[in-house]
Colleague: 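Can you keep this structure in mind? I'll have questions shortly.
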Amino acid sequence: MITVNQGRAPSPRRVQTPSNKTPSAQSKTFAPPIGGLVTNAQLALQRENTAVLAENFWPTKTGLEPRGGTQLRCTTAGAVEALFEYNAGSTPEFFAADSGNIYDWSESTVSGTSLTPVVTGQSGADYSTLVKQTDAGVYLTVVNGQDDLQIYDGASWQAVTDVSSPFSITGVDTDVLTHVWAYRNRTFFIEAGTMNAWYLGVNSVAGAATKLPLSGVFNKGGVLLFGATWSSDSGSGMDDRCVFATDQGEFAVYSGGNPGDANDWSLNGVYNIGRPLGKNAHIQVGGDLIVATKAGLIPMSAAVQKDQSQLKLSALSQAIDPDWRRETVLSGEASGWDLVKWDSRNMAVVAPPLLTTSVGFCWPANLETGAWTKFTGWNVSALAVLNDRLYYGNGDGTIYLCDVGGLDDEQAFECRVCFAFDHLGAPGAYKTAHAIKGTWSYTQPFNAKHTIASDYNPAFGTAPSAATGASTSGAQWDVALWDVTYWGSQDSSYAIREKWESVSGHGEVLAPQIQVTSAQDYKLDCELIAVDLLYSTGGVLT
């Protein structure tokens with residue numbers, strides 16, 4: 001006979017309660033940092049989906065992908081200081097300039113060609129250019145404020161003076177014209193070292209120039225630096241306004257079509273936007289005019305609504321503001337900042353002046369998402385989008401095509417990113433990382449190294465070796481080998497790779513890190529989808 005001890009019998013009213021014991025291991029999934037590089041936030045308050053360090057990765061709307069490489073195109077006798085194009089048909093012509101010459105080339109120019117000058121005897125290459133279509137044809141106008149204005153008609157170049165033929169400009173010496181732009185079918189110019197603008201007749205590239213004095217318009221003094229068209233829509237129409245900018249950061253905005261007619265020309269206002277970083281450091285996005293200033297990348301639409309002291313809050317470059325300020329200090333009064341827009345990639349690229357030939361970089365920004373990143377290894381002295389492809393020239397007189405292949409001029413380069421640091425839901429508690437898994441989509445073989453940074457200190461080790469092997473578009477059933485081939489999507493356009501790796505990382509805050517080496521002839525076609533972290537949490541440190 002079995003006796004039950006009543007003192008040990010379970011109470012019928014007892015309920016199950018969850019354990020207060022912390023699980024021995026936890027996991028978290030990190031989305032890729034499509035918010036891009038952010039250096040203006042406190043490290044302890046960095047928002048998710050951003051990175052504290054990003055180099056040579058491009059943030060897309062859905063993930064993170066390595067940038068393409070650069071390919072040698074051609075060379076000039078001196079440092080490349082300007083790149084521009086003439087496009088009047090199916091085959092655009094490209095031009096490069098050093099301090100004394102202008103050279104022509106094209107997409108069909110054999111790689112490595114040493115270019116021959118088509119214009120010689122120039123005194124500088126701080127060019128401003130304009131391609132304009134008239135009833136007589138398409139013309140490229142080039143000015144630098146030191147030499148006579150040059151016009152290219154698709155066949156030959158001509159230095160333009162008041163007595164030259166077939167083109168001549170009267171009323172002003174063309175060697176003092178520093179900037180050229182178009183507004184309402186008129187060609188406008190800036191006169192060097194003055195507050196004077198000049199303009200030609202409607203639909204003209206030559207003829208009589210009329211002076212437009214603006215010295216009584218501005219309050220801070222200085223000289224006119226550049227002019228541009230600003231619009232409240234993305235097209236060209238009656239709401240277009242003409243903007244005149246000084247080197248002191250004042251912008252005068254005019255509306256109307258004829259500066260010589262008081263009934264068709266009026267001053268809308270004068271605004272402070274901050275000192276521009278060069279006469280070519282501005283682009284149009286939609287109808288808005290975006291200007292690179294010492295305060296950041298400022299939209300003209302913000303300048304007409306806010307005081308200058310508040311403009312930094314509207315800067316498109318706010319995410320990288322500390323880096324931007326550092327570069328403006330390092331460059332001093334240098335005005336050779338380049339800013340271009342690459343339409344097909346929804347990309348803007350900012351290149352600070354090249355201070356040394358050994359270290360160079362630029363900041364690309366995704367115009368669709370506002371995310372920034374940093375491309376290193378590009379010693380940019382001139383930057384341009386030619387026939388919808390990005391090119392840069394360097395101080396050694398070399399021109400490169402960008403975003404092509406997986407090598408920088410036959411040299412490997414490293415892509416790396418450190419995510420925003422995360423306390424993983426337990427502020428002050430000590431965490432230990434055990435394993436990490438990167439999930440990628442890809443069509444080309446690649447190697448990625450996944451590590452952990454701790455306590456706000458990105459610390460990368462040796463970059464991984466480059467992958468070898470042919471491209472893949474997924475495995476074929478009953479043909480490919482198990483545990484060897486990655487299995488593709490249903491349409492076999494890409495494959496998915498995910499693999500747990502052991503890691504070592506300890507600290508109160510942790511952040512995933514990724515390194516990829518690009519060293520192939522092809523551009524690495526892979527995109528980060530997610531990162532999973534396996535970790536354990538200890539007690540709060542005191």
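All of these numbers come straight from a predicted model, not from anything done at the bench.
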Colleague: Taking all atoms of both residues into account, what is the closest heavy-atom pair of D98 and G78, and its distance?
Modeller: OD2-N, 3.0 Å
Colleague: Name the residue from L528, V417, V531, T62 that meets the side-chain contact (heavy atoms from CB on, under 4.5 Å) definition with P32.
Modeller: L528
Colleague: State plainly whether the residues K374 and E55 are in salt-bridge range, i.e. N to O under 4.0 Å.
Modeller: no
Colleague: Got a sec, which residues hit side-chain hydrogen bond (donor to acceptor under 3.5 Å, both in side chains) with E93, two or more places apart in sequence or on another chain?
Modeller: Y152
Colleague: Going by side-chain contact (heavy atoms from CB on, under 4.5 Å), Y392 matches just one of L383, V340, T398. Which one?
Modeller: L383
Colleague: Which value, rounded to the nearest 0.5 Å, describes the distance between T432 atom OG1 and Y535 atom OH?
Modeller: 11.5 Å
Colleague: Mind checking what makes ring pair (Phe, Tyr, Trp, His ring centres under 6.0 Å) contact with W324, not counting sequence neighbours?
Modeller: W337, W363
Colleague: When the aromatic ring centroids of F413 and W378 are compared, is their separation below 6.0 Å?
Modeller: no
Colleague: For the side chain of D288 and the backbone of S301, is there at least one donor-acceptor N/O pair under 3.5 Å apart?
Modeller: yes
Colleague: Tell me whether T50 contacts the main-chain N or O of A420 through its side chain, where contact means a donor paired with an acceptor under 3.5 Å.
Modeller: no
Colleague: What I want to find out is whether K437 reaches E501 closely enough, with some N-O distance under 4.0 Å, to be called a salt bridge.
Modeller: no
Colleague: Looking at A125 and A82, what are the two nearest heavy atoms and their distance?
Modeller: O-CB, 3.8 Å
Colleague: Would you call the rings of W105 and Y391 parallel, tilted or perpendicular, taking 30° and 60° as the class edges?
Modeller: perpendicular
Colleague: I'd like to know if the side chain of K431 reaches the main chain of A429, judged simply by a donor and an acceptor atom lying under 3.5 Å from each other, with no hydrogens or angles considered.
Modeller: yes
Colleague: Less than 4.0 angstrom from a charged side-chain N to a carboxylate O is my criterion; do D525 and K523 meet it?
Modeller: no
Colleague: Looking only at heavy atoms, what is the nearest atom pair of G461 and Q515, with distance?
Modeller: O-NE2, 2.9 Å
Colleague: How close do L115 and I399 get, counting heavy atoms only, and between which atoms?
Modeller: CD1-CD1, 4.4 Å
Colleague: Check D247 with R275, please: is the shortest side-chain N to carboxylate O separation under 4.0 Å?
Modeller: no
Colleague: F446 ring centre to R497 NZ or CZ under 6.0 Å, with the angle to the axis within 45°?
Modeller: yes
Colleague: Any side-chain heavy-atom pair from L316 and P299 closer than 4.5 angstrom?
Modeller: yes
Colleague: Take T70 and D408 through the side-chain hydrogen bond (donor to acceptor under 3.5 Å, both in side chains) test and state the conclusion after the steps.
Modeller: CA-CA 5 Å; T70 59; D408 273 351; 3.3 Å; yes
Colleague: According to side chain to side chain contact (heavy atoms under 4.5 Å, CB included), who are the partners of T373, at least two apart in sequence or on a separate chain?
Modeller: A54, W58, P59, P364, F375
Colleague: Can F95 and F84 be said to form a ring pair (Phe, Tyr, Trp, His ring centres under 6.0 Å), step by step?
Modeller: CA-CA 5 Å; F95 297 96; F84 44 96; 5.8 Å; yes
Colleague: Do the side chain of W342 and the main chain of D388 share a donor and acceptor less than 3.5 angstrom apart?
Modeller: yes
Colleague: Taking all atoms of both residues into account, what is the closest heavy-atom pair of T76 and A96, and its distance?
Modeller: CG2-CB, 4.2 Å
Colleague: Can you give me the closest heavy-atom contact between F421 and A511, atom names plus distance?
Modeller: CD2-CB, 3.6 Å
Colleague: Using the benzene-type ring in the case of Trp, are the ring centres of H282 and F226 under 6.0 Å apart?
Modeller: yes
